[in-house]
2 protein chains.
Amino acid sequence: METVERLIRSTQELLWERGYVGTSPKAIQREAGAGQGSMYHHFAGKAELAKVAIERSAEELRAAAAEQLAGDGTAGERIGAYLSRERDVLKGCRVGRLTADPEVVADPELRKPLAETFAWLRERIAEVVAEGKQNGEYPETLDPERIAATIAAVLQGGYVLARAADSTEPFDLAVNGLIDLLEAM
Amino acid sequence: METVERLIRSTQELLWERGYVGTSPKAIQREAGAGQGSMYHHFAGKAELAKVAIERSAEELRAAAAEQLAGDGTAGERIGAYLSRERDVLKGCRVGRLTADPEVVADPELRKPLAETFAWLRERIAEVVAEGKQNGEYPETLDPERIAATIAAVLQGGYVLARAADSTEPFDLAVNGLIDLLEAM
DNA sequence: GTCTATAGAGCGATAGAC
DNA sequence: GTCTATCGCTCTATAGAC
C-alpha cells in the first residue's frame, strides 16, 4: 500500500480511538510507518490529513448503512437488519465519536462530513419508514423524520451507554427496546 | 468561593467542553484563578482532580434526573418531563461526553462514576416504566429494562446528532419520535 | 519522495522559597 | 497555602540535505 493511503488509514484509526485532540502527527507516522518529512510532503498538516480521513470514514459509514437499508425485505426487516448488523460496539461510532471533539465541531471543514453523514442517514431511514407506512406496516400517524432521528439516536446513544458500562449489554437492550416499540406500531 | 471548590468546578466545566485529554492543568488553573502550586497542594495531579470533578458531575446528573422522574404524575408524564426538560443540547451530556475519552474509559477510577450513573439512570427509568405497566398505562409485554435503555440512549444519541448538525433540531426530532412511540403503546 | 535536525510552545509535575 | 523556577517530555511544524 502506498504511503498516502497508509497515512489516511492510520489517521482514521487513531481518530476513532483517540479523537482529534488525542491524535498527534507523530502517532500517525508511527502507525503508518512513515517519516515526519513524508507526512508533511503529502499533507499540509494534521488538520488537512484529518479532513481527508474523516471524509473517508463518513463515506464508509454511508456505504455500510446504505447496504443494510437496501434490499427487498419489509421496512421492519430492513431497519432490523440495520440495527442488528455486526458492530464493534465498545469502539463506538467512528463518525459520531468526533462530535465530542471541540476542535472538530468548531472547524466547519471538519464538521461538514459529520453533518452530511447524519443528515443523509436520517433521510435514508425516513424513506424506509415512509415505505413501511405506504404498505401498511406502520400507521398513517407515524412521522418518518422523527422516527428516523430516534433510530439514529438509539445507535449513537447505545455506544455511549456501552462504553460507560464497558459492556455491550446496554447497547443491546436499547436496540431491542427500540425494536419492541417499532413492532408494536 | 474557596480555591478547592473553584478548581473542582473549573475542571468540571473544562471536562465537559474539552474532555480529559483536551484539558490541561494550566487551563484549569487559569479558569479557577489559582496558581500552579495551589493546585498541586490540594490535588495529587490532573487525574485525581478529574476523578473528583467527574464524581461531582455524576452526582449532579443523578440529582437532576431524580427530580424529573419523581413526582406524582403518570409514568408517561414523568418520562415526558424528563425527556423535555431544559437542556444545553449543543453542549451535550457532561457525563456521556467522557465515554469518548480513551483515558477515562481505560482508567477504572475515572470510568466508575460513568458506569454507576448510567446504571442508576436506567434502573430508575425502568422503575417508572414498571409503574406504568402496573397501572395499565403500558402493556404487560413491555420490558422495562429495554425501554429504559432505549430512553437513555435517545438522549445521549440526540446530543451526538445535534452536535454533528450544529443544531438542536435532530435532538428534538429524536425525542419527539420516542415520545410518539411510547404514547402509541 | 523521504530523511534528520531543529524550532518554539505547551504538557504534567516537582522543588523550594515565602 | 500560594508563589516562582525549573524539569524532561511531547506537541505541531519547518528547513534543508539526500
Side-chain angles (χ1 to χ4, degrees), chain A residues 1-56 97-98 100-111, chain B residues 1-56 97-98 100-111:
Chain A
M1 205 190 305
E2 298 124 29
T3 303
V4 171
E5 188 64 19
R6 286 204 316 278
L7 283 165
I8 295 171
R9 298 204 188 172
S10 298
T11 305
Q12 286 183 274
E13 207 59 35
L14 283 164
L15 286 177
W16 192 0
E17 286 169 18
R18 309 194 41 80
Y20 184 77
V21 172
T23 297
S24 68
K26 181 169 259 176
I28 294 169
Q29 293 149 27
R30 200 186 317 118
E31 269 286 295
Q36 192 97 322
S38 189
M39 192 197 104
Y40 282 101
H41 173 73
H42 293 292
F43 298 94
K46 174 177 165 176
E48 204 208 358
L49 184 42
K51 181 176 180 299
V52 174
I54 293 172
E55 283 167 353
R56 178 76 69 86
R97 190 248 172 275
L98 298 168
D101 248 301
E103 324 242 338
V104 170
V105 172
D107 182 338
E109 288 281 296
L110 296 182
R111 188 180 61 78
Chain B
M1 204 190 305
E2 298 122 29
T3 303
V4 172
E5 189 62 19
R6 287 204 315 279
L7 284 166
I8 295 172
R9 298 204 188 172
S10 299
T11 306
Q12 286 185 274
E13 206 59 34
L14 284 165
L15 286 177
W16 192 1
E17 285 169 19
R18 310 193 40 81
Y20 184 77
V21 172
T23 297
S24 69
K26 181 168 263 178
I28 293 169
Q29 293 149 27
R30 200 186 318 119
E31 270 285 296
Q36 192 97 323
S38 190
M39 192 196 105
Y40 283 100
H41 173 74
H42 294 292
F43 298 94
K46 175 178 165 176
E48 204 209 358
L49 184 43
K51 181 177 180 298
V52 174
I54 293 172
E55 282 167 352
R56 178 76 69 87
R97 189 252 172 272
L98 298 168
D101 248 302
E103 323 243 337
V104 171
V105 172
D107 182 339
E109 288 281 295
L110 297 182
R111 188 179 62 77

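Sequence lines set the chain letters: A, B, ... in the order given, protein chains first and strands last, and positions in each chain run from 1.
- Between Leu7(B) and Met39(B) there is a side-chain heavy-atom pair separated by less than 4.5 Å.
- Listed pair Thr3(B) / dG1(D) fails the phosphate criterion, with no side-chain N or O lying under 4.0 Å from OP1 or OP2.
- Atoms CD (Gln29(A)) and P (dT12(D)) sit 10 Å apart, rounded to a whole Å.
- The phosphate of dT2(C) (OP1 or OP2) has no side-chain N or O of His41(A) nearer than 4.0 angstrom.
- Residue Arg9(B) comes nearest to Arg56(B) through the heavy atom pair NE-NH1, 4.2 Å, listed as atom of the first residue, atom of the second, then distance.
- Of all non-hydrogen atoms in Leu98(B) and Val105(B), the two that sit nearest each other are O-CG2, 4.4 Å.
- Other residues, nucleotides and ligands contribute at most 12 non-hydrogen atoms within 6.0 Å of the CD atom of Glu109(A).
- Using a 4.0 Å cut-off between a side-chain N of Lys or Arg and a carboxylate O of Asp or Glu, Arg6(B) and Glu31(B) do not qualify as a salt bridge.
- Put simply, the side chain of Thr23(A) gets close to the backbone of Leu14(A): a donor and an acceptor are under 3.5 Å apart.
- At whole-Å resolution of the value, NE2 in His42(A) and P in dA13(D) are 17 Å apart.
- At whole-Å resolution of the value, CD1 in Ile28(B) and C1' in dG10(C) are 14 Å apart.
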Whether each nucleotide of nucleotides 12-18 of chain C has a protein heavy atom under 4.0 Å at its base (B), only at its sugar-phosphate (S) or at neither (-) is summarised, 5' to 3', as SBB----
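- Between Ala100(A) and Ala100(B), the shortest heavy-atom distance links the atoms CB-CB, 3.6 Å.
- The backbone N or O of Pro102(A) sits nowhere less than 3.5 Å from a side-chain atom of Arg18(B) that would complete a donor-acceptor pair.
- Between Tyr20(A) and Ala50(A), the shortest heavy-atom contact is CE1-CB, 3.5 Å.
- Summarising the geometry of Phe43(A) relative to Val4(A), their closest heavy-atom pair is CZ-CG1, 3.9 Å, with the distance given to 0.1 Å.
- How far CG of Asp101(B) is from CG of Asp107(B): 11.0 Å, rounded to the nearest 0.5 Å.
- The distance between atom CD of Glu103(A) and atom C1' of dC11(D), rounded to the nearest whole Å, is 12 Å.
- Helix-axis bend for the helix from dG1(C)-dC18(D) to dC18(C)-dG1(D): the local axis fitted to the five terminal pairs at one end deviates from that at the other end by 10°, rounded to 10°.
- The CE-C1' distance, from Met1(A) to dG1(C), rounds to 18 Å in whole Å.
- A heavy-atom distance below 4.0 Å to DNA chain D is reached by none of the residues of residues 48-55 of chain B.
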